[in-house]
Amino acid sequence: MRELAGKVAVITGAASGIGLALSRRLGADGMRVMISDVDEPALADAARSLMADGIEVATTVTDVSDPDSVDALARATLDRFGGVHVVCNNAGVSRGGPSWEIPLPTWNWVMGVNLFGIVHGIRSFVPHLIAQGEGHVVNTASVAGLVAARCGGPYSASKHAAVAVSESLYHDLAAIGSPVGVSVLCPGPVRTRIHESFRHWQDRFGPRPSVQDSPAVAEWRRESAVMVESGLDPALIATAVRDAIVGNRFWILTHPEYANSLLSRYYGLIKADTPCA
Ligand SMILES: NC(=O)c1ccc[n+]([C@@H]2O[C@H](COP(=O)([O-])OP(=O)(O)OC[C@H]3O[C@@H](n4cnc5c(N)ncnc54)[C@H](O)[C@@H]3O)[C@@H](O)[C@H]2O)c1
């Protein structure tokens, strides 16, 4: 999609971090933005700050893990703006630990938001984009969707699946000759609140699990938080996404320092070697 001005973007997980930066970037490029998030007060704050920048914005409280909620978001976007062109399936949560210690509700929650949030976004929006003959889908995965690391079980599983779903979507659209574009965003650490994801637990996944971390896992959690807090500015990620939409590029790799990890992973795979992180 070469022209963004005057068109409509919908962004999930838009109340914070990468989603908020994406909303600001696309809004600054003249798009009208439907921002959605499960966190209602933070969503209202985000809308106020975008409007203060002169961006035309509407809000819908959405839980992306719930298909009806994402359908309602699609209806609200079409009702409000009469169309939709860019769909950023961005909402995500993270919770790690040794795979055998992570409670089942935590696995379900991370997969429900990170994978099924994208699946629901595809099912609710892509038919409109196909019918319109124009549009672009951006799915937020992670570098954790390309290489798996310690304590990353559900997060990495959800992000690998997000990459796979995005690649299949790309092939499915190409197979019907649709001009709708697809990108998958695979960042390394970005300065957001992702490490505080437990603030968004949804009760329909059961009571929020409370787990006593071992000292080693507590140390891993602290190190992960430091990595995120010293990560890239979300505004840089948003610019990379905008450029990929306009340039119709599939892969959005924002952290070149992970190139060696990717090479080692795939080289080791071809050689049937042991996994490397
Ligand atoms: N920050 C990083 O280092 C990093 C790296 C790679 C990928 N990502 C991915 O970027 C995306 C955005 O995360 P972020 O880093 O900006 O974190 P963040 O916590 O700052 O923002 C995530 C937003 O998603 C919302 N959210 C959570 N559950 C939701 C649900 N069920 N429905 C709707 N909204 C929900 C939260 O309220 C929050 O506003 C996620 O998919 C994350 O996995 C982040």
Side-chain angles (χ1 to χ4, degrees), residues 10-25 34-47 49 59-70 72-73 88-96 106 108-121 124 138-147 149 152 154-163 165-166 184-205 208 223-238 240-241 252-255 258:
V10 58
I11 298 119
T12 67
S16 174
I18 295 171
L20 179 54
L22 270 173
S23 308
R24 199 178 301 285
R25 175 69 271 161
M34 170 62 84
I35 61 170
S36 70
D37 204 284
V38 77
D39 183 340
E40 191 166 4
L43 186 63
D45 287 347
S49 89
T59 61
T60 305
V61 176
T62 308
D63 174 357
V64 297
S65 68
D66 174 356
D68 294 338
S69 184
V70 182
L73 171 63
C88 299
N89 294 309
N90 168 76
V93 292
S94 172
R95 186 72 186 170
T106 303
N108 288 333
W109 175 60
V110 174
M111 296 303 284
V113 177
N114 295 4
L115 169 58
F116 282 94
I118 288 175
V119 172
H120 299 150
S124 297
V138 180
N139 295 329
T140 300
S142 167
V143 79
L146 304 172
V147 279
Y155 189 72
S156 215
S158 70
K159 296 300 187 180
H160 273 72
V163 170
V165 162
S166 304
V184 64
L185 170 61
C186 300
V190 185
R191 211 160 49 243
T192 71
R193 297 185 66 196
I194 191 74
H195 53 302
E196 300 164 30
S197 291
F198 243 26
R199 72 193 191 278
H200 299 300
W201 183 264
Q202 279 97 53
D203 288 340
R204 61 198 194 78
F205 291 97
R208 176 159 53 181
E223 284 168 9
S224 304
V226 169
M227 274 177 74
V228 167
E229 280 156 13
S230 51
L232 283 187
D233 181 340
L236 295 174
I237 310 299
V241 171
I252 312 176
L253 302 171
T254 54
H255 289 63
Y258 282 91

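Count residues from 1 along the sequence. When a ligand or atom number is given, it counts from 1 through the structure's own listing order.
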Worksheet item: Applying a strict 4.0 Å limit to heavy atoms, is A42 in contact with ligand 1?
Response: no

Fill in: Heavy atoms of other groups near E40 CD, more than 12 under 6.0 Å
no

Practice prompt. Say whether, by atom type as modelled, one donor and one acceptor occur between the side chain of S69 and the main chain of V64 under 3.5 angstrom.
Written response: no

Item to complete: Before signing off on this row, confirm whether T192 and ligand 1 have an N or O atom pair separated by under 3.5 Å.
Response: yes

Item to complete: Apply the test side chain to side chain contact (heavy atoms under 4.5 Å, CB included) to residues Y155 and S197: give CA-CA distance (whole Å), side-chain angles for both, the deciding distance (0.1 Å), then the verdict.
Response: CA-CA 12 Å; Y155 189 72; S197 291; over 6 Å; no

Worksheet item: For V93 and R199, what are the C-alpha separation, side-chain angles and deciding distance, and is it a side chain to side chain contact (heavy atoms under 4.5 Å, CB included)?
Response: CA-CA 9 Å; V93 292; R199 72 193 191 278; over 6 Å; no

Fill in: Under 3.5 Å donor-acceptor, S124 side chain and G121 backbone
no

Worksheet item: Any donor-acceptor pair under 3.5 Å linking the side chain of R191 with the backbone of S230?
Response: no

Discussion item. Using heavy-atom distances only, which candidate in I11, V64, D66 approaches atom 32 (N) of ligand 1 most closely?
Written reply: V64

Practice prompt. Could you tell me the residue and atom name of the protein heavy atom closest to atom 5 (C) of ligand 1, and the distance to it rounded to 0.1 Å?
Written response: G188 O, 3.2 Å

Response to the item:
Quick note on ligand 1: atoms under 4.0 Å from a heavy atom of D39 include exactly 37 (O)

Worksheet item: Short question: side chain of S156, backbone of A144 - any donor-acceptor pair under 3.5 Å?
Response: yes

Response to the item:
Judged by heavy atoms only, the candidate from L20, L185, N90 nearest atom 41 (O) of ligand 1 is N90

Discussion item. Treating R95 as the side-chain partner and V110 as the backbone partner, does any N or O pair qualify as donor plus acceptor under 3.5 Å?
Written reply: no

Item to complete: For V143 and G188, work out which heavy atoms get closest and say how close.
Response: CG1-CA, 3.9 Å

Worksheet entry | Check: K159 side chain, V147 main-chain N or O, donor-acceptor pair, under 3.5 Å | no

Worksheet item: Of all the non-hydrogen atoms in the protein, which one sits nearest to atom 13 (O) of ligand 1, and at what distance?
Response: I194 CD1, 3.8 Å

Practice prompt. Considering non-hydrogen atoms only, spot the tightest contact between P234 and G17 and give its length.
Written response: CB-O, 3.8 Å

Worksheet item: When you measure from atom 29 (C) of ligand 1 to every protein heavy atom, which one gives the shortest distance, and what is it?
Response: V38 CG1, 3.6 Å

Worksheet entry | Nearest non-hydrogen protein atom, atom 9 (C) of ligand 1 | T140 CG2, 3.5 Å

Worksheet entry | Proximal atoms of ligand 1 relative to P187 (non-hydrogen, under 4.0 Å) | 5 (C), 6 (C), 7 (C)

Item to complete: Specify the protein heavy atom at minimum distance from atom 28 (N) of ligand 1: its residue, its atom name, and the distance to 0.1 Å.
Response: V93 CG1, 3.7 Å

Discussion item. Taking a cutoff of less than 4.0 Å between a non-hydrogen atom of the residue and any ligand atom, is C186 in contact with ligand 1?
Written reply: no

Worksheet entry | Which atom of N114 lies closest to which atom of G92, heavy atoms considered | OD1-CA, 3.2 Å

Worksheet item: Does the N or O separation between S65 and ligand 1 drop below 3.5 Å for any pair?
Response: no

Fill in: Atoms in ligand 1 with a heavy atom of Q202 nearer than 4.0 Å
31 (N)

Worksheet item: Nearest protein heavy atom to atom 24 (O) of ligand 1, by residue and atom, and its distance?
Response: G13 CA, 3.4 Å

Worksheet item: V228 to ligand 1: N or O pair under 3.5 Å?
Response: no

Practice prompt. Please confirm whether K159 comes within less than 3.5 Å of ligand 1 when only nitrogen or oxygen atoms on both sides are compared.
Written response: yes

Worksheet item: Taking both backbone and side-chain atoms of Y155, is any N or O found less than 3.5 Å from an N or O belonging to ligand 1?
Response: yes

Discussion item. Quick test of your reading of the structure: of G17, G19, S69, G92, whose heavy atom lies closest to atom 22 (C) of ligand 1?
Written reply: G92

Worksheet entry | Check: H200 N/O within less than 3.5 Å of ligand 1 N/O | yes

Worksheet item: Is ligand 1 under 4.0 Å from a heavy atom in the side chain of M227, in the backbone, in both, or in neither?
Response: neither

Discussion item. Taking S65's backbone N and O only, do any of them form a donor-acceptor pair with R204's side chain (distance below 3.5 Å, no angle check)?
Written reply: yes

Discussion item. Among V241, T140, D37, exactly one meets side chain to side chain contact (heavy atoms under 4.5 Å, CB included) together with N90. Which residue is that?
Written reply: T140

Practice prompt. With heavy atoms under 4.0 Å as the rule, classify the contact between A144 and ligand 1 as side chain, backbone, both or neither.
Written response: neither

Practice prompt. Tell me, please: is R199 in heavy-atom contact with ligand 1, that is, under 4.0 Å?
Written response: yes

Worksheet entry | Protein heavy-atom partner closest to atom 39 (O) of ligand 1 - residue, atom, separation in Å | D37 OD2, 2.6 Å

Fill in: Check: T192 side chain, I194 main-chain N or O, donor-acceptor pair, under 3.5 Å
yes

Worksheet item: Got a donor-acceptor contact below 3.5 angstrom from the S36 side chain to the I11 backbone?
Response: yes

Practice prompt. Report yes or no: does a heavy atom of T62 sit under 4.0 Å from some atom of ligand 1?
Written response: yes

Practice prompt. Ignoring angles and geometry beyond distance, decide whether S16 reaches within less than 3.5 Å of ligand 1 through its nitrogen or oxygen atoms.
Written response: yes

Worksheet item: Taking the minimum heavy-atom distance to atom 44 (C) of ligand 1, which of V190, I237, D63, I18 ranks first?
Response: I18

Worksheet item: Among protein heavy atoms, which sits nearest to atom 7 (C) of ligand 1, and what does the distance come to when rounded to 0.1 Å?
Response: A141 O, 3.2 Å

Worksheet item: Hey, does G231 sit under 4.0 Å from ligand 1 if you only count heavy atoms?
Response: no

Worksheet entry | T12 side chain to A91 backbone, donor-acceptor under 3.5 Å | yes

Worksheet item: Looking at P189, which atoms of ligand 1 are within less than 4.0 Å of one of its heavy atoms?
Response: 3 (O)

